[in-house]
Novice: 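Got a structure here, written out as structure tokens. Questions coming.
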Number of protein chains: 2
Amino acid sequence: MTTPTGDQALIKRINTAIVLEYILRGAPLSRAQISEQSGLNKATVSSLVQDLIDGSLVRETGTGQSSGGRKPVMLEFIATSGYAVGIDLGVNYIRGVLADLRGNIIAERTSSLRHPDPGAAAEQLCECIDSLMAEAPASPYGIVGIGVGVPGLVDDLGSILFAPNLKWRDVPLQQILTERFSLPVTIDNEANMGALGEQKYGAGRSISNLIYVSVGIGIGTGLILHKSLYKGASGFSGEMGHLSVEAHGRSCACGNRGCWELYASEQALLEQSAELGFEDLESLLVAAGEGRQDVLELFSGIGEYLGIGIANIVNVFNPDAVIIGNRMSQARPWLEGVLRQTVTQRALGFHLRKVQLLFAELGERSSMMGAAEMAIAGFFSRVKAT
Amino acid sequence: MTTPTGDQALIKRINTAIVLEYILRGAPLSRAQISEQSGLNKATVSSLVQDLIDGSLVRETGTGQSSGGRKPVMLEFIATSGYAVGIDLGVNYIRGVLADLRGNIIAERTSSLRHPDPGAAAEQLCECIDSLMAEAPASPYGIVGIGVGVPGLVDDLGSILFAPNLKWRDVPLQQILTERFSLPVTIDNEANMGALGEQKYGAGRSISNLIYVSVGIGIGTGLILHKSLYKGASGFSGEMGHLSVEAHGRSCACGNRGCWELYASEQALLEQSAELGFEDLESLLVAAGEGRQDVLELFSGIGEYLGIGIANIVNVFNPDAVIIGNRMSQARPWLEGVLRQTVTQRALGFHLRKVQLLFAELGERSSMMGAAEMAIAGFFSRVKAT
DNA sequence: CTTAGTTTGTCTATCCAATAAACTAAGTTT
DNA sequence: AAACTTAGTTTATTGGATAGACAAACTAAG
């Protein structure tokens, strides 16, 4: 094994990354400002900026305001020098996006999954990707990568080991897509993608430690710790849907008892609402909007159990923020009150001081945008390495 | 704000650290081996090794076996060029150690806490440190630092915000000790220290992701993720003793209900054993050793609840290992069976494949050794920076 | 014992990125 | 217009890493 050693190329990579980071965050700004803010020498900044300009990642946008001397030449990142594809593969839908390198949405596709069989789904997925790629304007780097979020366990090679709601086992999706498109492909769990999406483009912008709770049919979680996705020993963690909140509660298909998602997921809601004659979340939302008391009580129950689990999360991770996403986030108006109250009651005071309780800003787009972000991040780490 | 930028000094730091790491792990070994294994040029290794020799951190130990050419000059780390003090401040005891830079124990002190008052305790603590420091042989670096593990919440400035069992609030322990000894001082939670101790010197040697569960009067946890201690937003995470395992169970002093430590801690055990006439863990261990059925059942109950919580941990973190430490680890013979069975039943199959269930190897020394390791690690990060 | 080949570790010339300082360019203020 | 300011480039220097030459010290084959 060879540890990555330090040499001059490493320094250049590090400093290029710093310069690019400043331009990404603070544009428009001048070379002088970058030098002053980063501590890098003016000459160094000039040279690195020139490399970035040569690499079509940055351009000069003309002169800015003088502050008593020569006018600065302002710089900005060229978001349109490449595009990324982000896909959210759901249990019964495929949602896809074409985004530029800043995450601006260029095109979007939504379709329902015609057939849950892995082969057919992969085919439909490829069609979706093809049609999105066709929308990309000509650009220096073209399509820089494809990211896909899936509702299941994914190993580090991008194979779907197990997706219970799709009834898939061992589908080597990354391999299939890489062969088909000859592009870098990243596959990950839907909750991890959602966490990334919200951290980059949504409610959790630039928060270091956040937990994204994806409340859909089941409950999944994406953990961003120290600014990076935490994945456990085998590459999959965050199965917090199967955190037991009632040690001797109902048996779960996973083998455990009293799992959180038995009490706080969309599935749990629908089971309880069946006897009231509701079959899907949408009709329940409408009924709640009309003020139906029995429906409101259902949501309140879900809110309480969500709070119980989130209090646990807060106690365990002491995160900066917890973000509630996926389908259940639409029920925010009827959940939020009970939820906050429960968390406040149950979480430790010291932890509560800092934690923010948020709802996903990107709504149903969290996971898809996270997938696009994965592809973009992969591109950046590659260009910085050259 | 100035981001740390890359320059040549950074390269040297990185490469020095690499070389030192190889010598620490693989000693005795030669310059040639380091060069080959690390990928660094022979000349580079020679030069960096010379610096380390000049800095009294490495020495030549004579020639080794030839492999068909010139004999190599073997190198080893000089563990005795400095010493660290590690302290475990318990609810009713102070345990301290003087260790060399490899963590070899040079001297050890144990005393019971005379008075729980912060002032008196700090005084006793200083006496203990003084007497340990007096044991250190003369060495180039002398005492390189002091680490202290405490049973409470510690902020990033080393102040004890709250230690329920000591009844302390806002004790600026780091400041007190720094002023008194003029040495680098690190204060952290007892469970974090224990996790570090076991990861470095105990059952979890060089495991990347491990969760240390400290089962004493309460339950604390130390999280090592991606090889480094994870501390949450406010600098304290891992309050997993207050993970709720019975959503509608008994009320806990923390405000939550059904907290894990109400069911699986030493406290929980003692409450149940009171009616059998046992007052402390030690007598229960003796009784269990004699095969008393009612006591065995008590331990079995604790084992089951420990398993319930650990299954949750496994599902959330998917760690490489879970290590059970602190006082309750002495009951291993009567806990382990039920515990493993419960975890196997309740944790997700995919996660179980990799996770190891271990008991602390350092026993009561985990936390103290972790504290010493903190001091040693601090020393290394300082020398590498020069 | 000689000779060829191998391995270890050092030495030297070179490369490359960052930097300080000098410098050019292009403004503003008095 | 002169003096000052700020922006960005050029130039010479510094300090690490490196390849390759080299010396030292060994083994093994004849």
Side-chain angles (χ1 to χ4, degrees), chain A residues 2-20 22-23 26 28-54 58-75 384-386, chain B residues 2-20 22-23 26 28-54 58-75 384-386:
Chain A
T2 44
T3 333
T5 63
D7 60 356
Q8 312 233 70
L10 175 69
I11 293 190
K12 192 160 189 180
R13 272 213 303 285
I14 292 173
N15 289 341
T16 307
I18 291 173
V19 169
L20 191 51
Y22 273 95
I23 298 177
L29 81 179
S30 68
R31 291 170 177 79
Q33 283 174 287
I34 298 174
S35 167
E36 198 189 351
Q37 291 171 30
S38 69
L40 287 166
N41 188 278
K42 286 195 295 176
T44 309
V45 172
S46 266
S47 150
L48 294 176
V49 165
Q50 192 53 54
D51 288 353
L52 288 171
I53 290 176
D54 293 343
V58 165
R59 72 173 147 231
E60 300 182 335
T61 61
T63 54
Q65 276 276 309
S66 161
S67 57
R70 170 175 166 180
K71 286 181 179 168
V73 179
M74 306 313 272
L75 303 168
K384 282 170 191 168
T386 338
Chain B
T2 45
T3 335
T5 63
D7 60 356
Q8 310 238 69
L10 176 68
I11 294 188
K12 191 162 189 178
R13 272 214 304 286
I14 292 173
N15 289 341
T16 306
I18 290 174
V19 169
L20 191 52
Y22 273 96
I23 297 177
L29 83 177
S30 67
R31 292 168 174 83
Q33 282 174 290
I34 299 174
S35 167
E36 197 189 352
Q37 290 172 30
S38 69
L40 287 166
N41 188 279
K42 286 193 294 174
T44 309
V45 172
S46 265
S47 149
L48 295 176
V49 164
Q50 193 53 54
D51 289 354
L52 289 172
I53 290 177
D54 292 345
V58 166
R59 73 173 146 229
E60 301 183 336
T61 61
T63 52
Q65 275 275 310
S66 160
S67 58
R70 174 175 165 179
K71 285 181 180 167
V73 178
M74 306 314 272
L75 303 167
K384 282 172 192 167
T386 341

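In the text below, chain A, chain B and the rest are named by the order of the sequence lines, each starting its count at 1. Here the structure is a predicted model, which is why all the values come from computation and not from measurement.
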Novice: May I ask you to verify whether the side chain of A:K71 and the base of C:dG27 hold a donor-acceptor pair under 3.5 Å?
Specialist: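 Answer is no: no donor-acceptor pair is held.
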Novice: Please tell me if B:T44 has a side-chain N or O lying less than 4.0 Å from either OP1 or OP2 of D:dT18.
Specialist: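 Looking at the OP1 and OP2 atoms of D:dT18, one of them is under 4.0 Å from a side-chain N or O of B:T44.
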Novice: Any side-chain N or O of B:N15 under 4.0 Å from OP1/OP2 of D:dA17?
Specialist: yes
Novice: B:A43 near the nucleic acid: base, sugar-phosphate alone, or nothing, with a heavy-atom cut-off under 4.0 Å?
Specialist: base
Novice: Find which nucleotide of DNA chain D each of A:Q8 and A:S47 is nearest to by heavy atoms, and output the residue with the more 5' nucleotide.
Specialist: A:S47
Novice: Looking only at side-chain atoms of B:K42, point me to the closest of D:dG8, D:dT27, C:dT10.
Specialist: C:dT10
Novice: Between A:E60 (CD) and D:dT9 (P), how many Å, whole number?
Specialist: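 One finds 8 Å between P of D:dT9 and CD of A:E60, rounded.
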Novice: Let me know the distance between CD of A:Q33 and P of D:dA7, rounded to the nearest Å.
Specialist: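 Whole-Å distance recorded here is 8 Å.
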Novice: Nearest whole Å is fine: how far is D:dG8 C1' from A:L29 CG?
Specialist: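 Roughly 14 Å, once rounded to whole Å.
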Novice: Ignoring hydrogens and geometry, is there a side-chain-to-backbone donor-acceptor pair from A:D7 to A:L10 under 3.5 Å?
Specialist: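 Looks like yes, one N/O pair under 3.5 Å.
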Novice: Calculate the interatomic distance between A:R13 atom CZ and C:dA17 atom C1'; express it in whole Å.
Specialist: 13 Å
Novice: Write down the distance between CG (A:L40) and P (C:dA17), rounded to a whole number of angstrom.
Specialist: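 For the pair A:L40 CG and C:dA17 P, the rounded distance is 14 Å.
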Novice: Can you spot which of A:K42, A:M74, A:E60 makes a side chain to side chain contact (heavy atoms under 4.5 Å, CB included) with A:R31?
Specialist: A:E60
Novice: Within the pair B:N41 and D:dA17, is there a side-chain N or O less than 4.0 Å away from OP1 or OP2?
Specialist: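 The answer is no; no side-chain N or O of B:N41 sits under 4.0 Å from OP1 or OP2.
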